[in-house]
2 protein chains.
Amino acid sequence: MKIEEAIQQKVFKDVYNKAIVNILYTQSFIVSKQSSLFKPFGLSPEQYNVLRILKGQNNNPITVSSIQERMLNKMSNASRLVEKLKQKGYVVREECPTDRRQVDIRITEEGLNVLKELENQIYEMNRKLIQLDEQEVEILNNLLDKSRG
Amino acid sequence: MKIEEAIQQKVFKDVYNKAIVNILYTQSFIVSKQSSLFKPFGLSPEQYNVLRILKGQNNNPITVSSIQERMLNKMSNASRLVEKLKQKGYVVREECPTDRRQVDIRITEEGLNVLKELENQIYEMNRKLIQLDEQEVEILNNLLDKSRG
DNA sequence: ATACATTAATTGTCTATACATGAATTTGTT
DNA sequence: AACAAATTCATGTATAGACAATTAATGTAT
């Protein structure tokens, strides 16, 4: 569906303005579908993202600030998201032995299980969310990378 | 900057997964810059978006639900955003004469002035936010439109 | 005309973003 | 060693997103 229909706006100032609107709208489109998928597991999209980052560490602990740097939204608040995940038993916090300012975060077995359960559903949803062939997706990725300079 | 560097993630499950991450990251990148620009005017990106929708009506009133349908984020809360804008004197609310359930919203002179002041800065920022040539932007827009099916 | 369903908007609640501030700890400098 | 500066994280506040519940007005069927 063209962005013009999606937000009922016939004309844009220029193609750059339209691209920005298009990116913002598409993000909202994606996040809204992700929310529905994660909801039964009591996870928000950002909480899922943090779990995914932790899994990527292969059971090595990672500090709160390292999580922050890897998050999609740099302005987000890793400290609070970690706290939510801890309450659900999906992560544990440990004092960092070499620097007591830092806090080591590690994903639990339970957290890994949740990711495992979600795996196939996410794979399928991703394909529905991006209805392009492989070549087109590559171009999209390159254009987005380039656009940010 | 490639998305791999931006979030310090070397590999992705596949290009579709990478595209989703890329869209979400790029949105956050854009919104964060927009926030800085709007901040001196006491506007959030979504409040600006509502003002822009109202301006697009050429001084015709528009109901809260019509605003909602035109918003980038369909799950947002137009009612509350309008209330914030009203407090700042940028919009007025009037009871709809044909249906008293509805509320007509109209942008004020003051609201139009704010948009006017922002106009040039937004034009310049859009170009910085999307560092592509015209042809590339068109492709990006088409791919995003197609991706949503 | 009454009963019932539908629609429009507001409000409440929880989570997250954006940003500022504060406390504890570490690091760098003299 | 003493002190300033930088860092790491937690926390407070305002705004916004996600979604449910509520209220008021309108539409519809019998």
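Protein chains get the first letters and strands the later ones, always in sequence-line order, with residue 1 at the start of each.
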Side chain of A:Ser44, heavy atoms from C-beta onward: which of D:dT15, C:dA16, D:dA18 has the nearest atom to it? C:dA16
Interatomic distance, A:Glu94 CD vs D:dC9 P [rounded to whole Å]: 14 Å
Can we say B:Asp14 and A:Arg127 salt-bridge, meaning some charged N sits less than 4.0 Å from an Asp/Glu carboxylate O? yes
Pull out every protein N or O sitting under 3.5 Å from an N or O of nucleotides 2-4 of chain D, one pair per line with the distance.
none

Between A:Ser66 and A:Thr63, do the side chains contain a donor N or O and an acceptor N or O under 3.5 Å apart? yes
One pair to check against side-chain hydrogen bond (donor to acceptor under 3.5 Å, both in side chains): B:Gln9 and B:Glu4. What are the steps and the verdict? CA-CA 5 Å; B:Gln9 183 177 335; B:Glu4 283 89 343; over 6 Å; no
Could you say whether A:Gln102 or A:Val31 is positioned toward the 5' end of DNA chain D, judged by the nucleotide with the nearest heavy atom to each? A:Gln102
Just to be sure I understand the geometry, which residues of residues 61-72 of chain A put a non-hydrogen atom under 4.0 Å away from DNA chain D? A:Thr63, A:Val64, A:Ser65
Heteroatom pairs (N/O) under 3.5 angstrom, protein to nucleotides 20-25 of chain C:
{"from": "C:dT25", "atom 1": "O2", "to": "A:Arg101", "atom 2": "NH1", "distance (Å)": "3.3"}

Will you find, in the side chains of A:Gln47 and A:Arg52, an N or O donor that is under 3.5 Å from an N or O acceptor? no
Bending between helix ends of the helix from C:dA1-D:dT30 to C:dT30-D:dA1 [5 pairs per end, 10° resolution]: 10°
Using 4.0 Å as the upper bound for N to carboxylate O, is an ion pair formed by B:Glu94 and B:Arg106? yes
Just to be sure I understand the geometry, which residues of residues 48-56 of chain A put a non-hydrogen atom under 4.0 Å away from DNA chain D? none
B:Glu95 bridged to B:Arg100 by N-O distance under 4.0 Å: no
Between A:Asp145 and B:Lys18, is there a side-chain N and carboxylate O pair less than 4.0 Å apart? no
Look at B:Lys10 together with B:Glu5 and state whether they make a salt bridge at an N to O cut-off of under 4.0 Å. no
Toward the 5' end of DNA chain C, which comes first, A:Thr98 or A:Pro45, by nearest nucleotide? A:Pro45
For DNA chain D, find the residues of residues 18-30 of chain A with a heavy-atom distance under 4.0 Å and give them by number; none if there aren't any. none
Is there a side-chain contact between A:Lys84 and the phosphate of C:dA16, meaning an N or O under 4.0 Å from OP1 or OP2? yes
Between A:Gln47 and C:dT15, is there a side-chain N or O to OP1/OP2 distance below 4.0 Å? no
Under the side-chain contact (heavy atoms from CB on, under 4.5 Å) test against A:Leu143, which residue among B:Ile130, B:Asn141, B:Ile139, B:Thr26 passes? B:Ile139
Would you tell me if any nitrogen or oxygen in the side chain of A:Ser79 comes within less than 4.0 Å of OP1 or OP2 on D:dC9? no
